[in-house]
Amino acid sequence: MLPHKTLPREFYARNPKTVAIELLGKILVRRLGNAHLKGIIVETEAYYGIDDPASRAREGMKRYNMPMWDTPGLAFIYNVHNNWMLNVVAHEPNSVGAVLIRALEPLSEIELMMANRRVNNIIKLTSGPGRLTRALKIDKELNCVDLTMSEGPLFIVDGEVAHEIGSSHRIGVRRDLNEELRFYIKGNPFVSVSERRIRPSNQP
DNA sequence: CGCCAGATTGACT
DNA sequence: GTCAATCTGGCGG
């Protein structure tokens with residue numbers, strides 16, 4: 001089997017919703033020294049620009065959210081309640097957007113991930129946006145890293161997983177759009193919130 | 001500088 | 001189910 005190829009820039013230069021759906025099954029790779037920590041992306045969320053009340057871009061361009069206006073395929077990383085959120089910049093030309101990586105299925109260097117998280121329950125290892133960044137040692141140092149570069153510390157490569165896709169409203173946001181923008185691989189045990197625990201909508 | 005909100009998590013009733 | 005820890009960025013004084 002040939003080594004997986006990184007996803008090209010054009011992959012990310014599309015509507016965030018499309019990118020969120022197509023990132024499912026792809027493989028996130030974190031290089032730490034000689035080790036490659038890998039996980040299959042099993043859950044994502046799409047965020048738009050100023051028209052999206054749940055988006056970090058809703059208040060217009062600030063220093064911390066500038067990557068959302070930047071080149072598609074860069075990492076956009078910020079902190080929420082002491083947890084780092086890993087996003088991929090994704091939008092059409094002259095637009096704004098990002099995709100949040102919410103859960104991974106651990107693939108390789110699982111021992112290292114467990115050591116980083118100090119848990120021995122593999123289900124809890126990378127099932128959640130804050131959990132996976134801890135397991136893969138991802139923080140603001142990697143903000144704006146180019147995820148199309150296999151020479152870098154963090155990148156995304158093609159996967160070969162056939163899967164069925166589920167969708168729901170986004171998790172944990174205060175003001176959601178009336179649109180399902182969370183996507184996950186159906187039946188995958190590493191998805192952060194089980195299907196039956198999802199309410200039909202976040203709308204008031 | 002202090003205050004507050006937030007795309008969370010883990011511990012606990 | 002409840003609830004607090006803990007950090008960062010934005011904003012007001």
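By convention in this document, chain letters (A, B, ...) are assigned in the order of the sequence lines, proteins followed by strands, and residues within each chain are numbered from 1.
- For residues 131-146 of chain A, every residue pair satisfying the side chain to side chain donor-acceptor pair (under 3.5 Å) rule, not counting sequence neighbours, is listed here: R9(A)-D146(A), N116(A)-K137(A), S127(A)-R131(A), D146(A)-T148(A).
- Scored by the ring-ring contact (aromatic ring centres under 6.0 Å, His included) test, Y64(A) finds no partners at all (sequence neighbours excluded).
- Spacing between atom CZ of R102(A) and atom C1' of dT9(B) amounts to 11 Å, rounded to whole angstrom units.
- P16(A) and V99(A) get closest at one heavy-atom pair: O-CG2, 3.4 Å.
- D158(A) and K5(A) are not joined by a salt bridge, as no carboxylate oxygen comes within less than 4.0 angstrom of a charged side-chain nitrogen.
- Stems are defined here as 3 or more consecutive Watson-Crick or G-U wobble pairs with pairing distances under 3.5 Å; those involving DNA chain B are B:1-6 with C:7-12, B:8-12 with C:1-5.
- Salt bridge present: R170(A) and D52(A) bring a charged side-chain N and a carboxylate O closer than 4.0 Å.
- Counting to the nearest Å, the P atom of dG6(B) and the CZ atom of R58(A) are 7 Å from each other.
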For nucleotides 10-13 of chain B, which of its nitrogen or oxygen atoms have a protein nitrogen or oxygen under 3.5 Å away, and what is each distance?
from    : atom 1 : to      : atom 2 : distance (Å)
dG10(B) : OP1    : R117(A) : NH1    : 2.7
dG10(B) : OP1    : R117(A) : NH2    : 3.4
dG10(B) : OP2    : R131(A) : NE     : 2.7
dG10(B) : OP2    : R131(A) : NH2    : 2.8

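- In terms of the side-chain hydrogen bond (donor to acceptor under 3.5 Å, both in side chains) criterion, residue partners of E105(A) (sequence neighbours excluded) are, by chain and number, N188(A).
- Applying the side-chain hydrogen bond (donor to acceptor under 3.5 Å, both in side chains) criterion to Y47(A), with sequence neighbours excluded, gives E45(A).
- Take S167(A) and apply the side-chain hydrogen bond (donor to acceptor under 3.5 Å, both in side chains) test, not counting sequence neighbours, and it matches E180(A).
- Pairing each heavy atom of N65(A) with each of A57(A), the nearest pair is ND2-CA, 3.9 Å.
- The shortest non-hydrogen separation linking V89(A) to D70(A) is CG1-O, 3.5 Å.
- The stretch residues 67-78 of chain A has no heavy atom under 4.0 angstrom from DNA chain C at all.
- If you measure from atom CG of L132(A) to atom C1' of dT8(B), you get 12 Å, rounded to the nearest angstrom.
- Under the side-chain hydrogen bond (donor to acceptor under 3.5 Å, both in side chains) criterion, S192(A) pairs with E43(A), R102(A), sequence neighbours left out.
- When the ring-ring contact (aromatic ring centres under 6.0 Å, His included) test is applied to F155(A), no partner is found at least two apart in sequence or on another chain.
- Within the structure, every pair that satisfies the salt bridge (charged side-chain N to carboxylate O under 4.0 Å, His left out) test and touches residues 15-26 of chain A, not counting sequence neighbours, is listed here: R14(A)-E22(A), K17(A)-E179(A).
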Per-nucleotide protein contact string for nucleotides 7-13 of chain C (B base, S sugar-phosphate only, - none; heavy atom under 4.0 Å): BSSSS--
